[in-house]
Amino acid sequence: MIFRRRLLAASLAATCPALPLTVFATMNATADQDPYLWLEDVTGERALAWVRERNAETRKVLEAEPGFAANRDRIRAILDSKEKIPAVNRRGDWLYNLWQDERQPRGLWRRTTLDEFRKSEPAWETVLDLDALGRAEGENWVWAGATAFGPDYRRALVSLSRGGADASVVREFDLVDKRFVDGGFALPEAKSSVDWLDADTVYVGTDFGPGSMTDAGYPRIVKRWRRGQPLAQAETVFEGETADVGVWISVDREPGFERTVLTRALDFYRSLQFLWQSGRWVPLAKPEDASVSFWRRHVLVELRSDWATGGRSWPRGSLIVGDAEAFVAGGDARWQALFTPTATRSLAGFTSTASRLVLNVLDNVASRLETWQPGAAVADAWTQRDLPAPHPGTLSVQALHDPLLKADTLAEHLLVSYTDFLTPDSLMLADAAGGEMATLKSRPRYFDGEGMRVEQRFATSRDGTRVPYFVVWPKGATANGRNPTLLYGYGGFEVSMQPFYSGSIGSSWLARGGIFVLANIRGGGEFGPAWHQAAVKRHKQKSYDDFAAVAEDLIAAKITSPTHLGIEGGSNGGLLVGAVMVQRPELFGAVVCQVPLLDMRRYHLLLAGASWMAEYGNPDDAGDWAVLKTYSPYQNVRPGVKMPAVLFITSTRDDRVHPGHARKMAARMREMGYAPMYYENIEGGHGGAADNAQRADMAALEYAFLWRTLGRDA
């Protein structure tokens, strides 16, 4: 089985911040000029005392807002709902799921069969109780995933995070006896990667000691580790450079097509890839910014720049397929295009069944599915067919095929989910070979959408680019210039913002008369690599221009006005709203800035920041800094400006985007006489929260802030 592997999984956008449950350069704050460096001490007593004081101030105000507790309880009930769709992963005869609710806040790792899963109330078998484990071990464990060894799937490498951090411990688990394996594979807390080579051997990248991690905090060294062998004696098979993002290995164990591929990530978008053959790593002749996947006899290359090969040029954004054996040998791979982008179409992802590739295609930010089937010979033309699915909205597709099974009854089956702003998620079972989709599960409606409507509009950015955005109108709303409006954006790392259904936005915002807007600004992936590359590094300002253009369009159309317009973004989106808040404060009444980057002078020195220089540039490069300093919020905020109200949200346990960004920005604004609100969850990782109770509480704080600032119910 193949699937789209992006370097996003390795760094910031790997967890694209969940959509909410809900140019001036005045100083160059170098290290010796920054009075708030002490707030970068994540768990320092002085820093945490400051955090607790800010938290108490914020809670005192926002918890007193009318309906705060009721709204928090309603959001918690939505998150804990027994009717939500369990997300499943197939391992042999079982479908596995992590389930969280009010009784199991950290979650049950459980399993059922497909026949049971079809039922309205499946019978689930508990495999691991995270809450009980945490109590027994005195740890605040948060689920971080599992890698099982097939085809029997008796053993799995389970990752557990303390408080939701990216770093995790890894422990071998017996899925039959339902216990951790005595003397099994185990790794201490680190940002590790592991994959099975055979039942008694794994490839591992982890913190092996000084010098073994990259500047970005990811594994630089990969070793082959045999059962019973001390980790220190494991055989080194590859070493990257400290300036790399990291090194990862992926093992394909499909009988007859066994391959081990190593990826050395030079930066967030460029990599060198190697195939293990005859005891050595054979380099793959690909563009550095392209990604390579193998599927049986075929090799697939996803292009981020134009590539001239095989006697022709293939445009960026294409997915091409060729002869894997010839490609590895350096010969003519006889390339064919399975996807070529247009002005409106881009490739969102792909997966494989036993005999077909299934492509997820975006057209004007609406999803469509198509299948491609190879001919009898590896060089024969492929056959394309559309796979009927709901439209327009957001589709995701997951193949159920297990290539390790000799006879797989689900060889051509897919799980397809569909949603849009007013349509709750549904999960369907599809056959890539044809036939009707059968609905397996549907989420209930968590708010009354009767009378609500959605429109797609276009704003014109400063350089003339048309920027799409979605407007979700509540019932009875008109363009009167007084509508409380929440504008959300991201605009980075080639991550697309697509329509989604949110019970909390619907019940806490739309149902109370608020308008919700989702912007598709440059820097994202809505229109392929070109849309992203137009707003990276020294062109990053275009993301902020696009976002401001959407805000201006909303105001010009009298959908809202600055007094009633709030903006929200997390992570890279936190940088987005921080930058436009400083640049265009007159456009906004409120800003919710979640787990943000804000100090672009020091971001590359903090946690995983060094891995994002391909997106933002290197602050130590004079040319890059000349651009970064024009928009870095921490360097550009100044006193005496009429600023919108702002709420900073972050997490102490975020070991991806350092909480020091939000801490220092809030402190600097307070020094200048502003009154920013600040809340830092003591655990939760980059997602901000570790369980549904925390998620509901933080969302309720955000909505209380927005309604307090932008206006009461219309």
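Keep in mind the model is a prediction, meaning the values are calculated, not measured.
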Taking only Lys NZ, Arg NE, NH1 and NH2, and the carboxylate oxygens of Asp or Glu, determine whether [X] and [Y] approach each other closer than 4.0 Å.
X	Y	answer
Asp41	Arg46	no
Arg663	Glu680	yes
Arg106	Asp691	yes
Arg670	Glu53	no
Lys540	Glu615	yes
Lys629	Asp624	no
Arg653	Glu189	yes
Glu40	Lys664	yes
Glu241	Arg220	no
Glu57	Lys60	no
Asp621	Arg538	yes

All side chain to side chain donor-acceptor pair (under 3.5 Å) counterparts of Glu63, not counting sequence neighbours =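 Arg59.
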
Yes or no on side chain to side chain donor-acceptor pair (under 3.5 Å) for Glu671 and Tyr36, after CA distance, side-chain angles and deciding distance?
-> CA-CA 11 Å; Glu671 171 197 340; Tyr36 297 112; 2.8 Å; yes

Heavy-atom check, side chain of [X] versus side chain of [Y], under 4.5 Å:
X	Y	value
Leu607	Val657	no
Phe648	Val646	yes
Trp109	Val158	yes
Tyr203	Val194	no
Val641	Tyr674	yes

By side-chain contact (heavy atoms from CB on, under 4.5 Å), which residues pair with Asp101, not counting sequence neighbours?
->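 Asp101 satisfies side-chain contact (heavy atoms from CB on, under 4.5 Å) with Asp80, Lys82, Trp99, Arg103, Gln104 only.
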
Would you please test Asp620 and Arg601 for salt bridge (charged side-chain N to carboxylate O under 4.0 Å, His left out) and show each step?
-> CA-CA 8 Å; Asp620 294 332; Arg601 186 68 184 89; 3.5 Å; yes

All heavy atoms of Trp143 vs all of Leu128, minimum pair found to be CZ3-CD2, 4.2 Å

Do you know which two heavy atoms are closest between Ala579 and Pro633, and how far apart they sit?
-> N-CG, 3.6 Å

